[in-house]
Amino acid sequence: MEVIIRKDGQTAALLTARIIAKALRMKPSLVLGLATGRTMESVYGFLAEAHEKEGLDFSLCRTFNLDEYVGLLPGNKHSYRAYMNTHLFKKVNIDLRNTHVPDGMAKDLDLECRGYEEAMRDCGGIDLQLLGIGRSGHVGFNEPLSAFYSRTRVTPLTPETVAQNAPLFGNPKLMPRRAITMGVGTIMESKRCIMLATGSEKAEVLAKAVEGPVTSMVSASVLQFHAQCTVIVDEDAAANLQEKDYYRNVFKTEPQWKEFH
Ligand code: GLP
């Protein structure tokens, strides 16, 4: 795992977008794992800008979203499908048939989850997985005690997650209590992970995930076992990290990061 600290949320999101853009330029048929949430909105904003101003080409890119609420129609403005269409897909030249978000309205949800795993396999697996972190330590919607080997499945949301996301629904009662999510095992199979966390409300859980013991009580901590995981944070989210000087030095001196300074 490597940690990069940027001064604020915008520069952290910009760096994340530039890494994704570079990966897409190197492999136009990139299989991209995508995340939702407030943190990601700026990342998608920067990617849309790169498409508009620099011609960043999404025409061959395939995408798989981490999760979707159960019981929301794709057209519902609170669904993650709608989020993705609004923030990224409609702003770039991606073929919508190459974009995948689990169907939270599927009649047979277990079949939907198995089919989702199969579709990822058919594409050769995820090349680059973008991740946020919830206050419960979740990645995707892998709440505490999600098995390290879990696969795409339906999962109940914790009260903490409901409290975190319900404000987005206006009326909290409208927020679904269950979701489909890629499993921890699914995420761990991606070739590369980038986790982005910004803002002081993430400081406590981020320190647990990055520097704490690996435990299924904090699903994101399992990323410490991932062979290529980059964690990008702003100063606020980095507040509780112990090894900040070391992380800063690595970013400043390692040749692979030079082009991103
Ligand atoms: C949701 C998503 C997660 C995301 C998290 C953080 O719960 N399922 O994938 O990481 O929100 O959201 P935010 O960026 O709004 O803090």
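Both counts, for ligands and for their atoms, begin at 1 and track the order of listing. Nothing here was measured: the structure is a model prediction, and the numbers come from that model. Hydrogens, waters and symmetry mates play no part in the numbers below; they use all other heavy atoms, side chains included.
The protein non-hydrogen atom at the shortest distance from atom 8 (N) of ligand 1 is D67 OD2, 2.7 Å. Nearest protein heavy-atom contact of atom 2 (C) of ligand 1 is Y80 OH, 3.6 Å. Among all protein heavy atoms, the one lying closest to atom 6 (C) of ligand 1 is I133 O, 3.6 Å.
In terms of polar-atom proximity, T36 is not counted as a contact of ligand 1, lacking any N or O under 3.5 Å from an N or O of the ligand. Between T161 and ligand 1, no N or O atom pair is found at a separation short of 3.5 Å.
Looking at K27 and D127, a side-chain N of the basic residue comes within less than 4.0 Å of a carboxylate O on the acidic one, giving a salt bridge. At a threshold of 4.0 Å, the pair E259-K22 counts as salt-bridged, since one of the basic side-chain nitrogens sits closer than that to a carboxylate oxygen. Ion pairing between a basic and an acidic side chain is recognised when a charged N comes within 4.0 Å of a carboxylate O; E117 and R151 show such pairing. Using a 4.0 Å cut-off between charged side-chain N and carboxylate O, E254 and R248 make no salt bridge.
In the candidate list G37, G132, G140, G140 is nearest to atom 9 (O) of ligand 1, counting heavy atoms. Among R38, K202, H138, the residue whose heavy atom lies closest to atom 5 (C) of ligand 1 is H138.
Here is the list of ligand 1 atoms found below 4.0 Å of a heavy atom in N165: 1 (C), 7 (O). Ligand 1 places these atoms under 4.0 Å from at least one heavy atom of T39: 13 (P), 14 (O), 16 (O). Taking a cut-off of under 4.0 Å to the non-hydrogen atoms of Q164, the atoms of ligand 1 that pass are 6 (C), 12 (O), 16 (O).
Residues L196 and V43 are in side-chain contact: their nearest non-hydrogen atoms beyond the backbone lie under 4.5 Å apart. By the 4.5 Å heavy-atom criterion applied to side chains, Q164 and R38 are counted as neighbours.
Using 4.0 Å as the threshold, E201 has no heavy atom nearer than that to any atom of ligand 1. Look at A35 and you'll find every heavy atom at least 4.0 Å from all atoms of ligand 1.
The aromatic rings of Y69 and F141 sit tilted, their planes meeting at an angle between 30° and 60°.
The main-chain N or O of I5 is never found under 3.5 Å from a side-chain atom of E235 such that the two would form a donor-acceptor pair.
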